[in-house]
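First the proteins, then the strands, lettered A, B, ... as listed; each starts at 1.
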Amino acid sequence: MTELAKHYDHRAAQARCRTLWDAARAWHAEAPPAGSPPGRVFSLVIPPPNVTGALHLGHALNTTLQDILVRTRRMQGYRTLWMPGTDHAGIATQAVVERRLLEEEKLSRHDLGREALVTRIWAWKEQYEKRILGQLRDLGCSCDWDRVRFTLDEQCGAAVRTAFFQLFRQGLVRRGKRLVNWDTFLQTAVSDDEVFHEEVKGHFWHIRYSCVDPRPGEPASVTVATTRPETLLGDTAVAVHPAPAAALDAVEHELRTKRALAASKELPAIDAALDDIAERRRDLLPLLETLAAMARAGRQVRLPLLDRGIPLVADEWAKPELGSGCVKITPAHDPNDYEVGLRQRLPMVNILNPDGTLNAAAGTYSGLTIRKARERVVADLEANGQLERVEDRLIELAHSDRSKTPIEPYLADQWFIQMAEIAQPAIDAVASGRIRIVPERYAKGYLDWLSEKRDWPVSRQLWWGHRIPIWHVAGVAEIDLAAAFAGHATVAWRSDEAGGWFVCSSDETLPRDTVAGQPLIHDPDVLDTWFSSALWPHSTLGWPAATPELAAFYPTSTLVTSRDILTLWVARMVIMGVFDTGQIPFHEVSIHPKILDRYGETMSKSKGNGVDPVDVIETLGADALRFALAGLATETQDVRMPVEFQCPACGHLLEQTTANRTKPRLDCPKCGQPFRTQWAASEADLALPRGPAVSEKFEAGRNFSNKLWNATRFVLMSLDGRPGEPLPALDTPALELADRWLVSRLASVCREARQAIDDYRYAELARVLYGFAWDEFCSAYLELSKPRLADPAHRDQARGMLLVGLDTILRLLHPIMPFVTEEIWQQLRTVAGGRRMPWDDPCGPLPDSIMTARWPEPPADWIDERTERQFGSFLAVVGAIREIRARQNVPPRTRLLAVIKAPLPVAELLEPMLPAIQGMAVVDVTAIGPDACGSPGAATATAAGCEVFVDLADFVDIAAEIARLEKDNAKTEGFIESKRKKLADEKFAARAPEAVVAKERAQLAELEDRLGKGQATLAELKARPANDSATGG
RNA sequence: GGGCAGCUAGCUCAGUUGGUUAGAGCGCCACGUUCACACCGUGGAGGUCACAGGUUCGAGUCCUGUGCUGCCCACCA
């Protein structure tokens, strides 16, 4: 006699399964030997988590979905590889380590030096890589653990250098002064994607620049406005529009066009704008025309404070409709001004040092921080009477995502990759459908972004990352280089336009003294972290070497990611994949939602609104977490996950709010006991027990695991220690009705599950399997099997069929809930290890692990719609009787008498089900058929086109029944009225399809019939003497 | 400013090409523990499908507009 524990123990099961899978290396994929056909292949690379910190719920979602795909395909017989690994995450990781260094040791990276800092970051990486890989294993991810990669490891490094070298050789790598987003804290350029904008309170300073030697009729000064007065130290021009009148005309025309189409509500704003234009035309235009003429004449204005003459230039960047119509131009510190500078060939004066202080170009202000310089500049302007006025204003200020400090636009030498040429194949791949993005709507963002083909700035002034494989050498002739690198196919060079050379090589190092007479200096910069990420699908498979893995698994099948890195990562992977290998990196991209908190904010560590996956895995189990996450993965953009703190003392759930989510300790409102949160830092707080952040969402998954466990418990008890095999034949018409139904439902559900996975509809997969396992298999089929198990004539068949159902459910659920299904699979081995499903190898052994069991593939002709309908009617009738019992408070075990009045076709379907009805509803059915008739005063209910009468004798609470019937009848009358109205409408009769009209008529008839019955019963009840005993007795 | 998405039960979400009386899980209410499972069972209550128009015989579903929420892109001195 096998008897399982009453509850599923997820902790023990997780440990056992992990041991089992690891011992068998069931997650490993071997490339076939060169030359032999790989067969059906499914491959996937993990979006490598950053080694900045531990995994959060978003990673858990991402990897769960991947594991669902991977486990399914593996069971379906594909040669399946899931490549795991982590990302060095350049800036992010260096920033984290630097910040800690500063906080804990008060040291900057310059105090430590390059080598020592990098050593520290490697130590950090080792710690978090271990943690991350452990978390992935805890989640049950069936990655190929023999192939773990890291974006900064040797293999990826070789790919990075080779890819960069080939870009260089094709002339796609350029060096140039560019205005970059300068992070003064980290002292590096960051890309546009690493910048976020935040509104801060600021001012708008109006500054007067005097004109040099004004002639009669010319103004003595021009006024410009700025939010950053200190930048005037780097001004090299003041701009005015070359044709201000025409520009105002254009603006006015645009406004009038807009006005013609605008809603009345918008009119006041537009009219105000038009008034403003008119006013400017009157008051400002003459001045602007004069200034434009002065600009054409090459006149100058005097830069305040530095007393430098700078040209007045005519440039369309100056908008006559805004401000004073004139704008100061600081080409080295403003993106738009930079463009003007290029157009007007202006000098570009950089006034900043890398650390954000002002340099010598700022004259007497040099050495000051930007903040101090601003104060001084403003004070000096005021003292000189050159500050016209100051406005308060909210300013969208750019901040570095990495250091959270304000970004300074900064002119610096940077490396760029030209995108124009290499982006096109990536556009074509998605536009042509060779890469399919699911859901499709995300393709637009990808295409829009790529079509801009903006150059990619790839250099970072950091120490953590792939060193740019470029060396500088000066003072030699090309012939010297040719001599030095004769026979080196892995070296290329180009003039640096300052008389020196850039030498690029895919070799790891070039000796310093390679070129006679002059040293080779390695470029100090490292590459943008996305450069190595862009190579991930092919670099992890061994490129540039022609490995068997690359041949077998590239292109990969699917990429699973969230929408926020569609451009940063996905697009660049396509670009570089095609550039390096000539092939797209993946065929499909599955985009999944992001998880938000109850306020719709993204979860993040710094906000403190997250859930730690480990908390869920420990308290409710990895399967519970996975099931919940899969259920949330719908096709919408985001999903919300309200979070609670669980009191470690009493288990009470405390809603997480904006107010309490960053507190280091909280007091349980129920038991009063304090507990600590992730923010606990003080010794006193750390001594308290931890109150994990959880969500009730995960409980459904835990309950489901337990339901499966207990269904298994029932099946094993019913087998009573005997092997439940061989299994019954499933494709024979001789099956009993319930079994035919089960077989049909299994076939339907397998088909739905397969389709859901093929379409990346993870939530639907979870929902279909949950509903089938719980409501149909456990609540219906399993209940029905109880009387059959008690009957020796049916016992063996019932046992076998229970195994068939359970086995199939386990296999279908395994990709979502690997642990509980594996644990049950192991339990079944002892008693039913000899069972073979039709899709199993009939001769070979049943696989040791469910991981390698075959995915169920029942033939389509198992689906029997008539039987499924029949079962639907049966369950509806059972429900109707139960409803009557419940509303009359009949004790559960009291057997009642029932009559089912059913039209002939339904009666025929139901008749074979009578024993089941009698068992599940605890009634004796005394009559069934079109003429069956309930005893007077019986309680009634309708279901599946039948009317069910339950003779309650003394049980009936007449008053309650009358009230219910009156309500019910009124409702029915309402429906009848609406149906009649619909059918009376000539247009409906004329235009609706005949089938719809017929259906409406049938429904009306049924409703009228129901109302007639209801009214009759009501009349009869009212005629009876009142009975004040609700439950009889 | 441009674009994308969302708004359906108290909460989180389904709702496939328009066609009965719009569903699930959780929560809530009532009843029920010698029954595989109280991490359970049975039943119930709860919705003007954000709002306003339109198309249609018929709209949660299609169209237009409005409001609110979130995200992406660009950004005005």
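- Under the ring-ring contact (aromatic ring centres under 6.0 Å, His included) criterion, A/F819 pairs with A/W21, sequence neighbours left out.
- Using a 4.0 Å cut-off, no side-chain N or O of A/K444 falls inside it from OP1 or OP2 of B/C73.
- As rounded to the nearest Å, B/C26 and B/U61 have C1' atoms that lie 27 Å from one another.
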Dot-bracket encoding of pairs in RNA chain B, which uses [ ] for pseudoknotted crossings and | for another strand, Watson-Crick or G-U under 3.5 angstrom: (((((((..((((.....[...)))).(((((.......))))).....(((((..]....))))))))))))....

Going through the distances and angles, do A/K328 and A/D334 end up as a salt bridge (charged side-chain N to carboxylate O under 4.0 Å, His left out)? CA-CA 10 Å; A/K328 65 195 264 315; A/D334 181 278; over 6 Å; no

Using a 4.0 Å heavy-atom cut-off to protein, can you give one letter per nucleotide of nucleotides 17-22 of chain B, 5' to 3': B if the base is in contact, S if only the sugar-phosphate is, - if neither? --BBB-

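- B/U21 sits 42 Å from B/C37 when the P atoms are compared, rounded to a whole Å.
- Within the structure, every side-chain polar atom (N or O) of A/T636 is placed at least 4.0 Å from both OP1 and OP2 of B/G70.
- Only the C1' atoms considered, B/U34 is 28 Å distant from B/C29, to the nearest whole Å.
- B/C49 and B/A59: their P atoms are spaced 12 Å apart (whole Å).
- A/F627 meets the ring-ring contact (aromatic ring centres under 6.0 Å, His included) test with A/F704, A/Y770; sequence neighbours excluded.
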Heavy-atom contacts, protein to nucleotides 38-44 of chain B, under 4.0 Å, summarised as B (base), S (sugar-phosphate only) or - (none) per nt, yield SBSSSS-

Show me, pair by pair, the donor-acceptor contacts under 3.5 angstrom made by side chains of residues 314-323 of chain A, not counting sequence neighbours?
unit_1 : atom_1 : unit_2 : atom_2 : d
A/D315 : OD1    : A/W317 : N      : 2.8
A/D315 : OD1    : A/R343 : NH2    : 2.9
A/D315 : OD2    : A/R343 : NE     : 3.0
A/D315 : OD2    : A/Q344 : NE2    : 2.8
A/K319 : NZ     : A/E316 : O      : 3.3

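- Taking side-chain N and O atoms only, A/R761 has a distance below 4.0 Å to OP1 or OP2 of B/G15.
- For the C1' atoms, the distance from B/A14 to B/A9 is 13 Å, rounded to whole Å.
- Between A/R980 and A/E1008 there is a salt bridge, with a side-chain nitrogen of the basic residue lying less than 4.0 Å from a carboxylate oxygen of the acidic one.
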